[in-house]
Amino acid sequence: MVTAFQQKVYDKLLEVPAGRVTTYRDLAHSLGINSSQAIGQALKRNPFAPRVPCHRVVSSNGSIGGYMGAVEGSPIAKKIDLLKKEGINIVDGKVVDFELQLFTFRT
DNA sequence: AGTCGCCACGAAG
DNA sequence: CTTCGTGGCGACT
(Lines give C-alpha, C1' and ligand atoms only; values in the text may rest on other atoms or scores of the structure.)
Protein backbone atom coordinates (compact mmCIF):
# COMPACT_ATOMS: atom_id res chain seq x y z
CA MET A 1 0.00 0.00 0.00
CA VAL A 2 1.62 3.19 -1.16
CA THR A 3 0.11 5.93 0.93
CA ALA A 4 0.32 9.60 0.00
CA PHE A 5 2.91 10.01 2.69
CA GLN A 6 5.18 7.35 1.27
CA GLN A 7 4.61 8.68 -2.22
CA LYS A 8 5.88 12.07 -1.11
CA VAL A 9 8.90 10.43 0.43
CA TYR A 10 9.82 8.70 -2.79
CA ASP A 11 9.10 11.80 -4.83
CA LYS A 12 11.37 13.84 -2.62
CA LEU A 13 14.00 11.19 -2.92
CA LEU A 14 13.83 11.30 -6.69
CA GLU A 15 14.17 15.04 -6.38
CA VAL A 16 17.67 14.54 -5.03
CA PRO A 17 20.21 14.72 -7.87
CA ALA A 18 22.99 12.19 -8.29
CA GLY A 19 26.10 12.87 -6.28
CA ARG A 20 24.01 14.31 -3.48
CA VAL A 21 22.52 12.87 -0.35
CA THR A 22 19.70 13.85 1.95
CA THR A 23 18.91 13.07 5.55
CA TYR A 24 15.90 11.42 7.09
CA ARG A 25 15.34 14.48 9.24
CA ASP A 26 15.33 17.08 6.48
CA LEU A 27 13.34 14.78 4.27
CA ALA A 28 10.80 14.17 6.99
CA HIS A 29 10.63 17.81 7.90
CA SER A 30 10.05 18.71 4.27
CA LEU A 31 7.03 16.45 4.38
CA GLY A 32 5.67 18.43 7.28
CA ILE A 33 6.57 16.02 10.05
CA ASN A 34 9.36 15.88 12.57
CA SER A 35 10.06 12.19 12.69
CA SER A 36 12.55 10.41 10.51
CA GLN A 37 11.40 7.01 11.65
CA ALA A 38 8.45 7.21 9.33
CA ILE A 39 10.92 7.84 6.53
CA GLY A 40 13.03 4.86 7.45
CA GLN A 41 10.00 2.67 7.68
CA ALA A 42 8.73 3.86 4.32
CA LEU A 43 12.14 3.32 2.74
CA LYS A 44 12.48 -0.09 4.23
CA ARG A 45 9.07 -1.05 2.98
CA ASN A 46 9.63 0.86 -0.21
CA PRO A 47 7.43 -0.59 -2.96
CA PHE A 48 9.65 1.20 -5.46
CA ALA A 49 12.65 -0.77 -4.27
CA PRO A 50 15.19 -0.24 -7.12
CA ARG A 51 13.36 2.83 -8.34
CA VAL A 52 14.07 4.78 -5.20
CA PRO A 53 17.67 5.66 -4.26
CA CYS A 54 17.27 4.70 -0.62
CA HIS A 55 21.03 4.54 -0.32
CA ARG A 56 21.06 8.23 -1.11
CA VAL A 57 19.37 8.90 2.20
CA VAL A 58 21.59 9.14 5.27
CA SER A 59 21.31 10.00 8.93
CA SER A 60 21.77 13.52 10.28
CA ASN A 61 25.34 12.72 11.23
CA GLY A 62 26.23 11.38 7.82
CA SER A 63 25.83 7.75 8.77
CA ILE A 64 24.48 5.52 6.06
CA GLY A 65 22.10 3.99 8.53
CA GLY A 66 21.31 0.40 9.15
CA TYR A 67 20.02 -0.58 5.75
CA MET A 68 23.03 -2.71 5.09
CA GLY A 69 24.05 -3.38 8.61
CA ALA A 70 20.57 -4.43 9.63
CA VAL A 71 20.15 -6.50 6.53
CA GLU A 72 23.57 -7.88 5.72
CA GLY A 73 22.17 -9.55 2.67
CA SER A 74 21.16 -6.25 1.11
CA PRO A 75 22.36 -6.14 -2.50
CA ILE A 76 22.59 -2.36 -2.34
CA ALA A 77 26.16 -2.72 -1.15
CA LYS A 78 26.96 -2.67 -4.85
CA LYS A 79 25.12 0.61 -5.18
CA ILE A 80 27.52 2.05 -2.68
CA ASP A 81 30.20 1.61 -5.31
CA LEU A 82 27.90 3.31 -7.77
CA LEU A 83 27.53 6.24 -5.39
CA LYS A 84 31.31 6.58 -5.42
CA LYS A 85 31.08 6.93 -9.16
CA GLU A 86 28.61 9.73 -8.59
CA GLY A 87 31.09 11.42 -6.32
CA ILE A 88 29.90 10.06 -3.01
CA ASN A 89 32.60 8.23 -1.13
CA ILE A 90 31.50 5.80 1.54
CA VAL A 91 33.98 4.98 4.24
CA ASP A 92 33.23 2.91 7.30
CA GLY A 93 29.55 3.18 6.50
CA LYS A 94 29.72 6.95 6.48
CA VAL A 95 29.41 9.47 3.66
CA VAL A 96 32.68 11.31 3.14
CA ASP A 97 32.06 15.07 3.34
CA PHE A 98 28.41 14.18 3.38
CA GLU A 99 27.51 17.66 4.51
CA LEU A 100 29.12 18.95 1.35
CA GLN A 101 26.96 16.59 -0.69
CA LEU A 102 23.97 17.18 1.52
CA PHE A 103 20.88 18.17 -0.40
CA THR A 104 18.05 19.73 1.54
CA PHE A 105 14.52 20.31 0.34
CA ARG A 106 14.56 23.97 1.23
CA THR A 107 11.97 25.21 -1.19
C1' DA B 1 -12.73 2.24 14.49
C1' DG B 2 -9.57 1.68 18.30
C1' DT B 3 -5.21 -0.09 20.00
C1' DC B 4 -0.64 -2.15 19.90
C1' DG B 5 3.66 -2.96 17.79
C1' DC B 6 7.21 -1.63 14.52
C1' DC B 7 11.02 1.46 12.11
C1' DA B 8 16.92 2.03 8.13
C1' DC B 9 16.25 7.96 13.77
C1' DG B 10 17.03 12.14 16.65
C1' DA B 11 17.87 14.33 20.60
C1' DA B 12 18.93 14.37 25.33
C1' DG B 13 21.04 12.40 29.48
C1' DC C 1 25.98 3.98 25.36
C1' DT C 2 21.16 4.14 27.06
C1' DT C 3 16.54 5.99 27.27
C1' DC C 4 12.64 8.78 25.80
C1' DG C 5 10.14 11.09 22.25
C1' DT C 6 8.30 11.34 17.85
C1' DG C 7 5.01 10.34 13.32
C1' DG C 8 3.21 7.30 10.51
C1' DC C 9 1.97 2.48 8.90
C1' DG C 10 0.64 -2.47 9.44
C1' DA C 11 -1.82 -5.77 11.60
C1' DC C 12 -4.86 -7.45 15.06
C1' DT C 13 -8.96 -6.87 17.62
Side-chain angles (χ1 to χ4, degrees):
Chain A
M1 178 62 185
V2 184
T3 61
F5 168 74
Q6 291 171 298
Q7 183 60 74
K8 289 187 294 186
V9 176
Y10 309 132
D11 184 68
K12 289 287 183 178
L13 203 44
L14 295 174
E15 189 175 318
V16 180
R20 298 290 164 80
V21 292
T22 189
T23 70
Y24 295 98
R25 202 177 51 145
D26 284 86
L27 182 57
H29 194 242
S30 68
L31 296 180
I33 61 178
N34 192 33
S35 62
S36 53
Q37 298 87 319
I39 307 298
Q41 192 176 42
L43 267 52
K44 177 200 169 199
R45 301 183 178 194
N46 78 13
F48 298 96
R51 314 175 198 177
V52 173
C54 323
H55 48 264
R56 204 174 281 170
V57 185
V58 297
S59 302
S60 60
N61 108 129
S63 305
I64 291 298
Y67 69 90
M68 71 172 158
V71 184
E72 303 175 2
S74 299
I76 67 167
K78 298 182 300 183
K79 296 184 178 180
I80 298 299
D81 183 70
L82 181 60
L83 289 178
K84 293 181 181 179
K85 297 176 184 176
E86 295 181 2
I88 302 177
N89 292 281
I90 310 299
V91 178
D92 191 60
K94 311 290 183 178
V95 178
V96 178
D97 297 307
F98 103 97
E99 52 185 41
L100 302 181
Q101 312 301 342
L102 184 58
F103 178 88
T104 47
F105 299 97
R106 298 179 188 174
T107 54

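Note on naming: letters A, B, ... go to the chains in the order of the sequence lines (proteins, then strands), and numbering restarts at 1 for each one. As the structure is a prediction and not an experimental result, all values here were calculated from the model.
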What contact category does A/Leu43 fall into here, base, sugar-phosphate, or nothing, at under 4.0 angstrom with non-hydrogen atoms?
base
Can you check the A/Asn46 CG to B/dA8 C1' distance for me, whole Å?
11 Å
Return whichever of A/Ser35 or A/Val2 has its heavy-atom-nearest nucleotide of DNA chain C closer to the 5' end.
A/Ser35
A/Leu27 atom CG is separated from C/dG8 atom P, nearest whole Å, by 13 Å
Any idea which of B/dC7, C/dC9, B/dA8 is nearest the A/Tyr24 side chain?
B/dA8
Residue from A/Leu31, A/Leu13, A/Leu27 passing side chain to side chain contact (heavy atoms under 4.5 Å, CB included) with A/Lys8:
A/Leu31
Candidates B/dG10, C/dC9, C/dG8 - which lies nearest the side chain of A/Arg45:
C/dC9
Would A/Thr22 and A/Lys12 count as a side chain to side chain contact (heavy atoms under 4.5 Å, CB included) here? Give the steps.
CA-CA 10 Å; A/Thr22 189; A/Lys12 289 287 183 178; over 6 Å; no
Quickly work out the A/Ile39 CD1 to B/dG10 C1' distance and round it to whole Å.
13 Å
Within the structure shown, what part of the strands sits under 4.0 Å from A/Thr3 by heavy-atom distance: base, sugar-phosphate, or nothing?
sugar-phosphate
Kindly say if A/Ser59 contacts the phosphate of B/dG10, meaning a side-chain N or O under 4.0 Å from OP1 or OP2.
yes
Which residue lies toward the 5' end of DNA chain B, A/Ala38 or A/Asn61, if each is placed at its nearest nucleotide?
A/Ala38
Residue pair A/Val95, A/Ile64: steps toward the side chain to side chain contact (heavy atoms under 4.5 Å, CB included) verdict
CA-CA 7 Å; A/Val95 178; A/Ile64 291 298; 3.7 Å; yes
note: A/Lys44, atom NZ; B/dC9, atom P; distance rounded to Å ~ 11 Å
Partner nucleotide, any strand, of B/dG10 [Watson-Crick/G-U, under 3.5 Å]:
C/dC4
A/Asn34 has an atom CG; how far is it from atom C1' of B/dC7, in whole Å?
16 Å
Record whether the side chain of A/Gln37 comes under 3.5 Å of the base of B/dC7 through a donor-acceptor pair of N or O atoms.
no
Determine whether a donor-acceptor pair (N or O, by modelled atom type, separation under 3.5 Å) exists between the side chain of A/Thr23 and the backbone of A/Asp26.
yes
Check the phosphate of B/dA11 against A/Arg25, side-chain N and O only, distance under 4.0 Å to OP1 or OP2. Yes or no?
yes
Would you kindly give the CD-to-P distance between A/Gln6 and C/dG7, to the nearest whole Å?
18 Å
Of the listed nucleotides B/dC7, B/dG10, C/dG8, the one nearest the side chain of A/Ser60:
B/dG10
d(NZ, A/Lys8; P, C/dG7) in whole Å:
14 Å
Could you walk me through whether A/Ser59 and A/Tyr24 pass side chain to side chain contact (heavy atoms under 4.5 Å, CB included), step by step?
CA-CA 6 Å; A/Ser59 302; A/Tyr24 295 98; 3.9 Å; yes
Would you kindly give the CD1-to-C1' distance between A/Ile33 and B/dA11, to the nearest whole Å?
16 Å
